[in-house]
Amino acid sequence: SLRCSQNSNLCCRKDFYVDFRDIGWNDWIIKPEGYQINYCVGQCPLHVAGSPGMASSFHTAVFNLVKANNMQASGHSCCVPTRRRPLSVLYFDRNSNIVKTDIPDMIVDACGCS
Amino acid sequence: AAAEPRCPSCPAGAERWLLEEVAKKQLLEKLRLRDRPRLAHAVPRAAVARALRRLQAGGARRSPGGPGEEEEEEEQSYEIISFAETDLTSPSSLGLQFQFSQAQDQDLRILQAQLWLYLRVPRASLTLRIFLAAEAGAGAGGNRTLLGERQLSTTGSGWRSFPLLPALQSFFSGQSRTLRLELESRGGGSDVSAQLNASWSHQPFLVAKVKVREPEHRVAKR
């Protein structure tokens with residue numbers, strides 16, 4: 001769940017802010033003015049598979065499986081979101097009604113290896 | 001992006017363009033919109049600000065967790081503010097038209113609905129009739145179904161809210177819906193506009209809270 005930096009290619013969270021004015025959507029989206037469309041990117045070599053899992057025991061369990069089954073040949077671990085949060089949006093619909101809703105799991109807060 | 005190896009040599013523009021396209025797609029998908037809305041007509045900022053204050057006031061009253069809150073949390077909820085298009089059908093009767101549309105395959109359940117009016121007099125005597133109109137331009141004579149009727153009892157002038165449930169309970173099923181409210185002044189002949197201000201600066205509006213439940217989701221629940 002580290003933020004990406006230039007000197008590592010391990011699984012990390014890449015931050016990116018989309019400003020609705022830049023995409024010409026600020027006329028119908030009242031709030032917020034933009035949002036973080038973060039994403040997960042980077043390598044997940046087997047020795048970090050399952051980290052940072054939801055619980056440290058998760059990583060240990062996965063690592064033991066890898067050692068016990070010598071999974072070098074098959075299977076691989078992916079860099080995925082491990083924690084996300086909702087985005088509250090206030091916007092005009094096509095009838096000029098104002099609509100407020102919370103979109104669940106919209107913003108990636110943390111990444112990790114499956 | 002996760003599948004692609006990072007692209008240090010990519011021109012920043014290409015990555016930015018790609019992510020902005022992804023953001024657009026993601027937002028429309030999560031808001032269940034086919035395309036970004038093109039506004040039918042502009043809404044004055046003052047009206048938006050006033051209505052948002054009501055929405056926040058209503059949100060503050062929101063009841064803390066109820067039974068089965070985790071189930072409730074799984075259904076996405078929407079709060080909608082709709083501004084009336086008014087037509088004076090006669091000196092004693094005012095029509096308010098509200099237009100709603102939602103994406104297909106959505107089963108909306110209405111939790112709250114209030115009509116907000118600006119009363120000029122502390123004791124207005126008005127009859128409110130609630131209709132489901134056949135189409136947007138129906139007007140007074142158009143084809144419509146009476147959903148409910150009630151006498152409004154008011155105390156004090158200024159902005160006042162009037163609950164619209166249970167008449168609206170079945171209103172939100174179906175794609176595009178036009179709600180028509182008619183306010184008639186009682187007590188012989190006094191003009192409805194003497195009792196309430198429905199001008200552009202005091203546009204009546206409706207605040208509703210609805211929940212969406214996906215059809216397959218309901219089956220899973222059962």
Side-chain angles (χ1 to χ4, degrees), chain A residues 4-32 34-44 78-81 86-108 111 113-114, chain B residues 1-8 15-24 26-43 47-48 51-52 55-56 59 73-74 76-83 85 98-102 136 176-178 205-210 212:
Chain A
C4 293
S5 64
Q6 290 307 328
N7 47 23
S8 159
N9 66 354
L10 276 185
C11 175
C12 57
R13 188 194 76 206
K14 187 94 188 279
D15 289 355
F16 194 92
Y17 180 76
V18 174
D19 188 315
F20 294 133
R21 272 168 307 181
D22 294 347
I23 59 176
W25 279 18
N26 57 311
D27 61 325
W28 68 279
I29 298 181
I30 306 168
K31 285 287 178 194
Y35 81 103
Q36 291 288 139
I37 179 168
N38 307 333
Y39 59 92
C40 301
V41 68
Q43 311 303 320
C44 275
C78 304
C79 182
V80 294
L87 174 71
S88 195
V89 185
L90 192 67
Y91 65 94
F92 283 114
D93 72 5
R94 66 170 182 243
N95 301 304
S96 299
N97 297 326
I98 298 176
V99 183
K100 174 180 179 291
T101 190
D102 296 331
I103 305 176
D105 293 338
M106 187 71 170
I107 299 172
V108 174
C111 300
C113 292
S114 62
Chain B
E4 294 295 315
R6 263 178 305 157
C7 166
E15 189 186 16
R16 163 174 291 278
W17 177 82
L18 171 73
L19 285 165
E20 286 176 349
E21 290 308 304
V22 167
K24 288 180 183 176
Q26 189 183 37
L27 269 166
L28 291 179
E29 197 175 287
K30 298 272 188 166
L31 293 176
R32 294 184 175 89
L33 298 174
R34 231 189 303 275
D35 195 355
R36 55 142 293 166
R38 306 281 169 192
L39 301 195
H41 50 78
V43 181
V48 175
L52 291 180
L55 193 64
Q56 270 137 17
E73 284 317 305
E74 283 173 32
Q76 181 147 357
S77 70
Y78 292 80
E79 290 176 87
I80 302 169
I81 299 174
S82 186
F83 294 95
E85 291 188 30
F98 300 90
Q99 190 62 34
F100 295 93
S101 49
Q102 63 264 353
S176 202
R177 294 266 144 175
T178 301
F205 61 93
L206 184 152
V207 180
K209 180 165 185 181
V210 300
V212 177

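Every chain is numbered from 1, with letters handed out A, B, ... down the list of sequences.
- In this structure, chain B has heavy atoms under 4.5 Å from both the backbone and the side chain of Asp27(A).
- For Phe100(B) against Asn95(A), the heavy-atom pair with the smallest separation is C-ND2, 3.6 Å.
- Only the side chain of Val18(A) comes within contact range of chain B, with at least one heavy atom under 4.5 Å from a heavy atom of that chain.
- Counting only distance, with no hydrogens or angles, the side chain of Arg36(B) and the backbone of Gly24(A) share a donor-acceptor pair below 3.5 Å.
- When each of Ile103(A), Val89(A), Leu90(A), Val80(A) is scored by its heavy-atom pairs under 4.5 Å with chain B, the top score falls to Ile103(A).
- Asp22(A) and Glu20(B) get closest at one heavy-atom pair: CB-OE2, 3.9 Å.
- Here Gln26(B) is the residue among Arg38(B), Gln26(B), Glu21(B) with the most heavy-atom pairs under 4.5 Å with chain A.
- Using a 4.5 Å cut-off between heavy atoms, Val48(B) contacts chain A through both its backbone and its side chain.
- Across all non-hydrogen atoms, the minimal contact from Leu19(B) to Ile37(A) is O-CD1, 3.8 Å.
- Proximity to chain A involves both the backbone and the side chain of Leu27(B), based on heavy atoms less than 4.5 angstrom apart.
- At a 4.5 Å heavy-atom cutoff, the contact between Ser77(B) and chain A is made by backbone atoms alone.
- Pairing each heavy atom of Val43(B) with each of Ser96(A), the nearest pair is CG2-O, 3.7 Å.
- Contact detail for Phe92(A) and Pro37(B): the closest heavy-atom pair is O-CG, 3.4 Å.
- Taken to the nearest 0.5 Å, the OG1 atom of Thr101(A) stands 11.5 Å off from the NZ atom of Lys30(B).
- The CH2 atom of Trp25(A) sits 3.5 Å away from atom CG of Leu28(B), with the distance rounded to the nearest 0.5 Å.
- Among Asn97(A), Asp102(A), Leu87(A), the residue with the largest count of heavy-atom pairs under 4.5 Å with chain B is Asn97(A).
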